[in-house]
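Bear in mind the structure is a predicted one, so any value in this text is a computation, not a measurement. For reference, positions follow the sequence shown, starting with 1.
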Amino acid sequence: MPCGLRHERQLRATGCVRITGIDESGRGPLAGPVVAAAVILPERFRHPVLDDSKKLTAAQRECLYGELTAHTEIHWALAVVEHDEIDRLNILRATHEAMRRAVAALAAAPDHVLIDGLPVRPFPIPQTALVGGDGLSFSIAAASVIAKVTRDRIMVQMDAHHPGYEFAQHKGYGTALHLARLRAHGPCPIHRRSFLPVRQAELPLA
């Protein structure tokens, strides 16, 4: 099924007015934050390109980010949970906390949220969890784009602060390039020490 508003329409039929899509970016990387976005789209929103951010090119995501964040009828908010909090909470709890904070940052509380993936417990608002939801719901897809572009921009900035790791290229994910730089230089301040490849890179060589 193509990405659209059918889940939002079903919720509106039950009386929900403010329906928020939530998604995150950055669960998998070895460095940097996890970012969550919450987005409320207008009832008759349409878009020919919007989809799961992973299916889009970087240029498409940047263009969509500009469109979505400049649209006066789209309400959105972000939350960033940094690497040290990820290490303290664990990545799953940190991701859920980012989602809760993003919703709390909206100007008005939603009536219902659509969350990409599995249910988030606890959550302060009634929720519907959709596995693969960023490819099913425009609201979640919009959140996925805003979260992804925001996090990618953060990692480009981190590349300048921590040269030698090539963060602008891999955005902190565990690519062959990143692992090679990690082995060569050891972890930098924004690496997630609770992640196994980072812990291994801290071990002294035999």
Side-chain angles (χ1 to χ4, degrees), residues 1-9 11 18-29 31-82 91 94-108 110 112-118 120 125 127-159 167-173:
M1 286 187 182
C3 201
L5 289 174
R6 57 192 169 279
H7 294 283
E8 290 86 341
R9 285 195 297 269
L11 287 167
R18 290 185 299 276
I19 300 158
T20 299
I22 305 172
D23 202 3
E24 54 74 29
S25 178
R27 280 184 65 165
V34 62
V35 177
V39 179
I40 302 175
L41 298 175
E43 184 175 352
R44 300 188 182 280
F45 179 85
R46 297 288 185 275
H47 202 284
V49 177
L50 181 61
D51 205 336
D52 172 6
S53 63
K54 296 184 292 297
K55 299 176 183 176
L56 305 171
T57 66
Q60 286 176 316
R61 290 194 296 266
E62 284 285 347
C63 183
L64 279 165
Y65 178 93
E67 289 181 35
L68 294 167
T69 57
H71 196 304
T72 57
E73 294 183 63
I74 294 176
H75 305 283
W76 61 279
L78 280 167
V80 179
V81 172
E82 299 290 353
I91 185 58
T95 300
H96 290 178
E97 181 60 24
M99 290 178 170
R100 287 188 286 266
R101 291 179 190 175
V103 169
L106 289 166
H112 199 98
V113 298
L114 294 170
I115 297 177
D116 183 49
L118 300 175
V120 176
I125 310 263
Q127 65 179 293
T128 299
L130 298 172
V131 175
D134 44 6
L136 300 173
S137 158
F138 272 156
S139 299
I140 299 177
S144 78
V145 167
I146 291 175
K148 172 67 174 166
V149 171
T150 299
R151 189 183 184 282
D152 282 357
R153 291 178 178 181
I154 290 172
M155 295 309 293
V156 170
Q157 293 172 354
M158 290 300 100
D159 186 77
F167 286 133
Q169 290 192 46
H170 52 69
K171 310 301 189 295
Y173 286 88

Contacts of [X] that satisfy salt bridge (charged side-chain N to carboxylate O under 4.0 Å, His left out) - sequence neighbours left out:
| X | answer |
| --- | --- |
| R18 | D111 |
| K55 | D51 |
| K171 | none |
| R101 | E85, E97 |

query: Will you find, in the side chains of H112 and T128, an N or O donor that is under 3.5 Å from an N or O acceptor?
result: yes
message: We want to know whether S139 and E8 form a side-chain donor-acceptor pair, criterion being a heavy-atom distance below 3.5 angstrom.
response: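 Short answer, yes.
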Is there side-chain contact between [X] and [Y], with at least one heavy-atom pair below 4.5 Å?
| X | Y | value |
| --- | --- | --- |
| V35 | I154 | yes |
| V113 | I19 | no |
| L106 | I40 | yes |
| I74 | P42 | yes |
| F138 | R6 | no |
| D152 | F167 | no |

message: Let's go through I125 and V103 carefully: what are the C-alpha distance in whole Å and the side-chain angles of both, what is the deciding distance for side chain to side chain contact (heavy atoms under 4.5 Å, CB included) to 0.1 Å, and is it a yes or a no?
response: CA-CA 9 Å; I125 310 263; V103 169; 4.1 Å; yes
Nearest atoms (heavy-atom pairs only) where [X] meets [Y]:
| X | Y | value |
| --- | --- | --- |
| A102 | A79 | N-CB, 3.5 Å |
| R151 | S25 | CD-O, 3.3 Å |
| V120 | M99 | CG2-SD, 3.8 Å |

Ignoring hydrogens and geometry, is there a side-chain-to-backbone donor-acceptor pair from [X] to [Y] under 3.5 Å?
| X | Y | result |
| --- | --- | --- |
| D159 | A168 | yes |
| H75 | V39 | no |
| T150 | I146 | yes |
| R61 | K148 | no |
| S144 | D52 | no |
| E62 | A59 | no |

Distance, nearest 0.5 Å, that separates [atom1] of [X] from [atom2] of [Y]:
| X | Y | atom1 | atom2 | result |
| --- | --- | --- | --- | --- |
| H7 | L114 | NE2 | CG | 7.5 Å |
| T20 | L11 | OG1 | CG | 10.5 Å |
| S137 | L50 | OG | CG | 9.0 Å |

message: Enumerate the side-chain hydrogen bond (donor to acceptor under 3.5 Å, both in side chains) contacts for residues 39-49, please, sequence neighbours excluded, ordered by first and then second residue.
response: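 Only H47-E67 qualify under side-chain hydrogen bond (donor to acceptor under 3.5 Å, both in side chains).
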Pairing residues for D116 by the side chain to side chain contact (heavy atoms under 4.5 Å, CB included) criterion, not counting sequence neighbours: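 With neighbours one apart ignored, the set is D23, D134, I140.
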field: Chi angles and distances behind the side chain to side chain contact (heavy atoms under 4.5 Å, CB included) call for H71, W76
entry: CA-CA 10 Å; H71 196 304; W76 61 279; over 6 Å; no
